[in-house]
There are 2 protein chains.
Amino acid sequence: MSSESVAPTPEPRKSDAAERRRAEILEQSARLFDRSGYNKTSMNDIAEAVGVRKPTLYHYFDTKDEILYWLHEEFINTLLTQQEARIAERVPADLMVFEIMADILALMQTHKGHVRTYFENHRELPERHRTTSHEKRDRYRRMLEDAIAQGTKEGTFRHVDPGLTALAIFGMVNWAYQWYEIDGTRSPRDIATVFADLVLNGLTASPPRA
Amino acid sequence: MSSESVAPTPEPRKSDAAERRRAEILEQSARLFDRSGYNKTSMNDIAEAVGVRKPTLYHYFDTKDEILYWLHEEFINTLLTQQEARIAERVPADLMVFEIMADILALMQTHKGHVRTYFENHRELPERHRTTSHEKRDRYRRMLEDAIAQGTKEGTFRHVDPGLTALAIFGMVNWAYQWYEIDGTRSPRDIATVFADLVLNGLTASPPRA
DNA sequence: CAGGGTACCGACCGGACGGTAGAAACGGTG
DNA sequence: CACCGTTTCTACCGTCCGGTCGGTACCCTG
């Protein structure tokens, strides 16, 4: 404490290099899982991509499942933080719905491998990790449900089932992991605009009788 | 031709029993894949569930991939046939959208294992099967796009991008494979009603200015 | 510069898994 | 009832893969 005067990094709890290695392993894993699938990618493949040998991976992650678990952590924590900020700022419900959709669609550009791998394999996670990851996922789902319920309470939204409606909206955006092309013409935010317009205003031409 | 007078099944091209065995293998595969995942289910597991030995499976399907391929065939052909009938009947666009959604949601009750397995593993299919299965999938997607475009042309729907809108709608219903519980309180058709109402009329309370 | 944790590696293990070989039984047909 | 394709089985193969063992090099701290 007292001896450090010009330390550039105040508190590197764990070795800084270790943290970067860990991040690199997750990044390469996501890349390979996205390209070849979780099950068809071996720990050896990951090690090679990172530039180390297989046993070194096990210095950072106890099992392959653990890598999958942390891929989920990386993006679900982002989503939770972003939405928590909006709740604190009391963002209007309709805007919240749009922003949640935009957040998730943004992942398709920045964390496609993470998302795909989790969506397609979370059921096969060992009990412990599956449960805790589902808790965060469910917490996020409740955030959207709350935003919908709030919108109804404030008169912005019609009376709808918040649970089913949230599942519909999540479906719209989550499914993008199946078709979104990173080098496509539309940005995630453009797509969010179109999707939010659809879910807020509907497909029907003449406004429904109020 | 001339010898058969009271034949109950006019043309059992391939042995009838063989056809039933094949169907049974697909059914058990879907069940096990849904429970434990495609990759964590071995050919031996399937054989046991069917009540035969592993090599017998290979008498009906050359590879494990082929089983996955035929699981897709089973449900995509149903979907295509159902929608083709509607096109022939000139069903109105908004009803078509509802019925397509209802068809897919119905699969969650009748073919959950099929759907899940295909969605989560079609990318890892060998080139040949992947391509042909994608062709049918894309054909079905175009059907929804056409219905949307037709609705716009007829003035039922607003001006929207049919491609993106179709992807949004498919997302809503396809994603149900992740959360639909067969013994839940809501039937697939109930859910389709709610979802179609959402996508047709939107979430907003007061009608948007026309 | 001694000591101890951190990072890394070569070699290896046990087992599971997709798929095959080769032959026996079965069953419909002429 | 002889024949031939179909269906099924026992036994087996080669490979791959997640994970471990035991040790070495490295580096930071005292």
Just N and O in the side chain of [X]: are any of them under 4.0 Å from OP1 or OP2 of [N]?
X       : N      : result
B:Thr56 : D:dT7  : no
A:Tyr58 : D:dC21 : no
B:Arg21 : D:dT7  : no

Give a yes or no on whether the backbone of [Y] and the side-chain of [X] come within a donor-acceptor separation of less than 3.5 Å.
X        : Y        : answer
A:Thr152 : A:Arg158 : yes
B:Asn121 : B:Thr117 : yes
A:Asp45  : A:Ser42  : yes

Rounded to whole angstrom units, what separation is found between the [atom1] atom of [X] and the [atom2] atom of [N]?
X       : N      : atom1 : atom2 : result
A:Leu57 : D:dC17 : CG    : P     : 14 Å
A:His59 : D:dA25 : NE2   : P     : 17 Å
B:Arg22 : D:dT6  : CZ    : P     : 14 Å
A:Asn39 : D:dG18 : CG    : P     : 9 Å
A:Glu48 : D:dC16 : CD    : C1'   : 14 Å
B:Lys40 : D:dC17 : NZ    : P     : 14 Å
A:Met43 : D:dG19 : CE    : P     : 6 Å
A:Asp62 : D:dG18 : CG    : C1'   : 13 Å

### Query
Taking the six-membered ring for Trp, are A:Phe170 and A:Tyr140 ring centroids under 6.0 Å apart?
yes
### Query
Are A:His122 and A:His134 near enough that their ring centres are under 6.0 Å apart?
yes
### Task
Go through DNA chain C in 5' to 3' direction and return only the first and the last nucleotide with some atom under 4.0 Å of chain B's heavy atoms.
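Counting from the 5' end, contacts occupy C:dC17 to C:dA21.
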### Query
Does NZ or CZ of B:Arg141 come closer than 6.0 Å to the centre of the six-membered ring of A:Trp179, within 45° of the ring's axis?
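No.
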### Task
Pick base, sugar-phosphate or nothing for A:Phe61, based on heavy-atom distances below 4.0 Å to the nucleic acid.
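Nothing, no heavy atom under 4.0 Å.
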### Message
I need the full list of side chain to side chain donor-acceptor pair (under 3.5 Å) pairs touching residues 84-95 of chain B, with sequence neighbours left out, sorted by first then second residue.
### Response
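Qualifying pairs, neighbours excluded: B:Gln83-B:Arg86, B:Glu84-B:Arg139, B:Arg86-B:Asp103.
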### Query
Would you say the side chain of A:Lys54 and the base of D:dG19 hold a donor-acceptor pair, judged only by whether the two atoms sit under 3.5 Å apart?
yes
